[in-house]
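Ligands are counted one by one from 1 in listed order, and the atoms in each one are counted from 1 as well. Keep in mind that what you see is a predicted model, and the values were worked out from it rather than measured.
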Amino acid sequence: MAKIAIGIDIGGTGIKGALVNIKKGELASERLRVETPPGGRPDDIAEVVRELITALDPNRVAGAIGICFPAVVQHGVTKSAANVSKEWIGLDADKLFTGVIGKPVHLINDADAAGVAEMKFGVGRKFKGLVMVTTLGTGIGTAMFIDGQLVPNTELGHIEIDGVDYETKAAFSAKERENLDWRQWAARLQTYYSKLENLFTPDLFVVGGGVSKEHEDFLPLLRLQTAIVPAKLKNTAGIIGAALVASKLSK
Ligand code: BGC
């Protein structure tokens with residue numbers, strides 16, 4: 001397996017990328033970031049991703065380029081679009097990116113990518129049982145692992161509570177949009193994680209997303225039966241996980 005791979009993390013607000021040392025689970029270059037083009041349309045995003053990859057010196061890398069995306073991704077086709085353009089729904093995104101970039105790519109859901117990285121190199125390392133990795137950002141992403149094995153595309157950020165898609169209440173973007181303080185936001189997280197706990201009885205919750213670096217302000221406010229810990233890889237998890245999955249496939 002090649003040691004250096006490229007990981008790209010497409011988000012609702014920014015697109016990030018880096019070379020990744022997939023043996024160590026570390027970035028092997030600077031982390032580049034560009035704004036997501038307004039509207040989040042497929043052609044515009046593909047062009048920005050191409051520019052990012054060019055800046056990363058792709059000739060150093062042999063295998064497929066890993067890309068993670070904030071939607072359901074099944075066999076390279078994007079099947080939902082909560083915080084990006086609806087034009088992604090039903091699109092063969094793998095084909096679009098491969099065409100624009102001129103190299104093979106492998107696309108997966110962003111939370112699944114972050115989860116894979118956390119399970120291999122972060123807090124979930126060697127953890128057995130049912131682990132739910134959650135990412136709190138523009139939306140809520142979830143990745144579920146049973147004895148380290150991913151069950152892809154769980155999309156539990158969209159669980160309805162009291163008739164509302166709960167990511168609109170408990171994502172980090174809701175805290176910012178509604179100007180909630182930590183306590184007010186934690187009350188919503190309490191509702192959200194209690195719901196997951198009632199439905200799945202996990203052994204561990206992992207909390208990722210940019211806000212996880214401020215975990216001391218909100219995790220201690222939660223009262224759960226399940227252990228809940230901050231992610232270790234912070235804002236590099238998606239990049240590392242996408243690169244890792246792609247490089248395994250092109251071994
Ligand atoms: C999307 C998921 C994504 C999550 C985090 C949700 O709105 O439906 O696919 O993983 O946001 O970006």
Hey, does the side chain of [X] reach the backbone of [Y] with a donor-acceptor pair shorter than 3.5 angstrom?
X: S85; Y: E87; answer: yes
X: E26; Y: V20; answer: no
X: E167; Y: I140; answer: yes
X: E178; Y: K175; answer: no

Ignoring hydrogens and geometry beyond distance, is a side-chain donor-acceptor pair present between T226 and Y193 at under 3.5 Å? no

Compute the shortest N/O to N/O distance between [X] and ligand 1 and return yes if it is under 3.5 Å, no if not.
X: G139; answer: no
X: E167; answer: yes
X: T142; answer: no

Got a salt bridge between K120 and E118, using NZ or NE/NH1/NH2 to carboxylate O under 4.0 Å? no

N109 and ligand 1 - part of the residue with a heavy-atom distance under 4.0 Å: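 Only the side chain of N109 comes within reach of ligand 1.
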
Tell me whether I140 reaches ligand 1 (any heavy atom closer than 4.0 angstrom to a ligand atom).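 So I140 counts as touching ligand 1.
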
Touching ligand 1 at all, A71? Heavy atoms, strictly under 4.0 Å?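 The answer is yes: ligand 1 sits under 4.0 Å from a heavy atom of A71.
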
Would you mind running through ligand 1 and noting each atom that sits below 4.0 Å from a heavy atom of [X]?
X: H158; answer: 1 (C), 6 (C), 7 (O), 8 (O)
X: G141; answer: 4 (C), 5 (C), 10 (O)
X: N83; answer: 7 (O)
X: A82; answer: 7 (O), 8 (O)

Working for salt bridge (Lys or Arg N to Asp or Glu O under 4.0 Å), residues E47 and R41: CA-CA 10 Å; E47 179 52 27; R41 299 186 53 240; over 6 Å; no

For atom 3 (C) of ligand 1, what's the nearest protein heavy atom and its distance? D110 OD1, 3.3 Å

For atom 2 (C) of ligand 1, which protein heavy atom lies nearest, and how many Å away is it?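 Sorting protein heavy atoms by distance from atom 2 (C) of ligand 1 puts E155 OE2, 3.2 Å first.
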
Euclidean distance, K169 NZ relative to L189 CG, rounded to 0.5 Å: 13.0 Å

